[in-house]
Amino acid sequence: QVQLVESGGGSVQAGGSLRLSCVAYGYFPGVYCMGWFRQPPGKAREGVAGIDTDGSTTYADYVKGRFTISQDNAKNTLYLQMDSLKPEDTAMYYCALHPRPGVAGGGYCIGSPTRWGQGTQVTVSS
């Protein structure tokens, strides 16, 4: 079983930056895709970014050019660097493990995630 634990959320003003982290504990598959999702208040959860085992990445249009997904395999840690934050980026952010490798585009990995973190809140004020 893999446990995912996010951290790094907080409150910032528009234009600011935050870096989210997601540490994976437990047995980790050899190939996978890791994704960041977010759920704005009163809205459905949406994809933000994904990264494959071989480093292929995908971003949603609404974060492209502002957010950067990366991973440190030695630390079993996934990151999301968020720059030029906007009030519309306010949401609960989740990391998720997809057991299949491959990015699908639009900020999504191929297939459905099988593990989710508990989420970390990001609030951006204008």
Side-chain angles (χ1 to χ4, degrees):
Q1 294 281 351
V2 175
Q3 182 182 9
L4 304 176
V5 180
E6 302 101 331
S7 63
S11 296
V12 296
Q13 290 191 328
S17 297
L18 285 173
R19 188 176 80 155
L20 305 184
S21 298
C22 171
V23 180
Y25 298 94
Y27 171 75
F28 215 65
V31 291
Y32 57 86
C33 188
M34 291 293 295
W36 284 102
F37 292 76
R38 69 185 186 186
Q39 186 165 17
K43 296 184 179 180
R45 188 155 49 190
E46 59 191 15
V48 174
I51 186 166
D52 198 351
T53 315
D54 65 5
S56 298
T57 59
T58 177
Y59 295 93
D61 286 344
Y62 37 80
V63 304
K64 199 172 293 184
R66 300 188 298 121
F67 291 11
T68 303
I69 189 171
S70 62
Q71 59 188 350
D72 185 334
N73 293 329
K75 296 181 179 179
N76 278 357
T77 302
L78 177 73
Y79 301 101
L80 186 67
Q81 178 67 42
M82 304 186 296
D83 299 318
S84 302
L85 282 161
K86 304 175 181 180
E88 50 264 45
D89 294 319
T90 294
M92 184 71 79
Y93 284 73
Y94 301 88
C95 64
L97 168 66
H98 299 69
R100 289 182 57 192
V103 294
Y108 292 94
C109 295
I110 290 174
S112 298
T114 54
R115 288 287 182 269
W116 292 90
Q118 83 288 351
T120 186
Q121 178 67 38
V122 172
T123 302
V124 185
S125 58
S126 56

Test of understanding: clusters of I, L, V, M, F, W, Y form through side-chain heavy atoms closer than 4.5 Å, transitively. Do [X] and [Y] belong to the same one?
{"X": "Val124", "Y": "Val48", "value": "yes"}
{"X": "Tyr79", "Y": "Met82", "value": "no"}
{"X": "Val2", "Y": "Trp36", "value": "yes"}

Closest heavy-atom pair and its distance - [X], [Y]:
{"X": "Leu80", "Y": "Ala49", "value": "CD1-CB, 4.3 Å"}
{"X": "Gln121", "Y": "Thr90", "value": "NE2-CG2, 4.1 Å"}
{"X": "Ile110", "Y": "His98", "value": "O-CD2, 3.8 Å"}
{"X": "Pro40", "Y": "Glu46", "value": "CG-OE2, 4.0 Å"}

### Side-chain donor or acceptor of Thr123 paired with backbone N/O of Ser11 under 3.5 Å
no
### Query
Quick check: does any side chain N or O of Glu6 sit under 3.5 Å from a backbone N or O of Cys95, one acting as donor and the other as acceptor?
yes
With a 4.5 Å cut-off on side-chain heavy atoms, are [Y] and [X] touching?
{"X": "Gln71", "Y": "Asn76", "answer": "no"}
{"X": "Val122", "Y": "Arg38", "answer": "no"}
{"X": "Ser126", "Y": "Pro87", "answer": "yes"}

Please set out all donor-acceptor pairs under 3.5 angstrom arising from side-chain atoms of residues 51-67, sequence neighbours excluded.
unit_1 : atom_1 : unit_2 : atom_2 : d
Asp52  : OD1    : Gly102 : N      : 3.2
Asp52  : OD2    : Gly102 : N      : 3.0
Thr53  : OG1    : Tyr32  : N      : 2.7
Thr53  : OG1    : Tyr32  : O      : 2.7
Asp54  : OD1    : Ser56  : N      : 3.1
Asp54  : OD1    : Ser56  : OG     : 3.0
Thr58  : OG1    : Gly106 : N      : 3.2
Thr58  : OG1    : Gly107 : N      : 2.9
Tyr59  : OH     : Ile69  : N      : 2.9
Asp61  : OD1    : Lys64  : NZ     : 3.2
Tyr62  : OH     : Gly47  : O      : 2.6
Arg66  : NH1    : Ser84  : O      : 2.9
Arg66  : NH1    : Asp89  : OD2    : 2.7
Arg66  : NH2    : Tyr62  : O      : 2.7
Arg66  : NH2    : Asp89  : OD1    : 3.0
Arg66  : NH2    : Asp89  : OD2    : 3.4

### Message
Through direct or indirect side-chain contacts below 4.5 angstrom among Ile, Leu, Val, Met, Phe, Trp and Tyr, which residues connect to Met92?
### Response
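Members besides Met92, by chain and number: Phe37, Tyr94, Tyr108, Trp116.
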Tell me which donor-acceptor pairs under 3.5 Å the side chains of residues 13-26 have, and how far apart each pair is, sequence neighbours excluded?
unit_1 : atom_1 : unit_2 : atom_2 : d
Ser17  : OG     : Asp83  : OD1    : 2.7

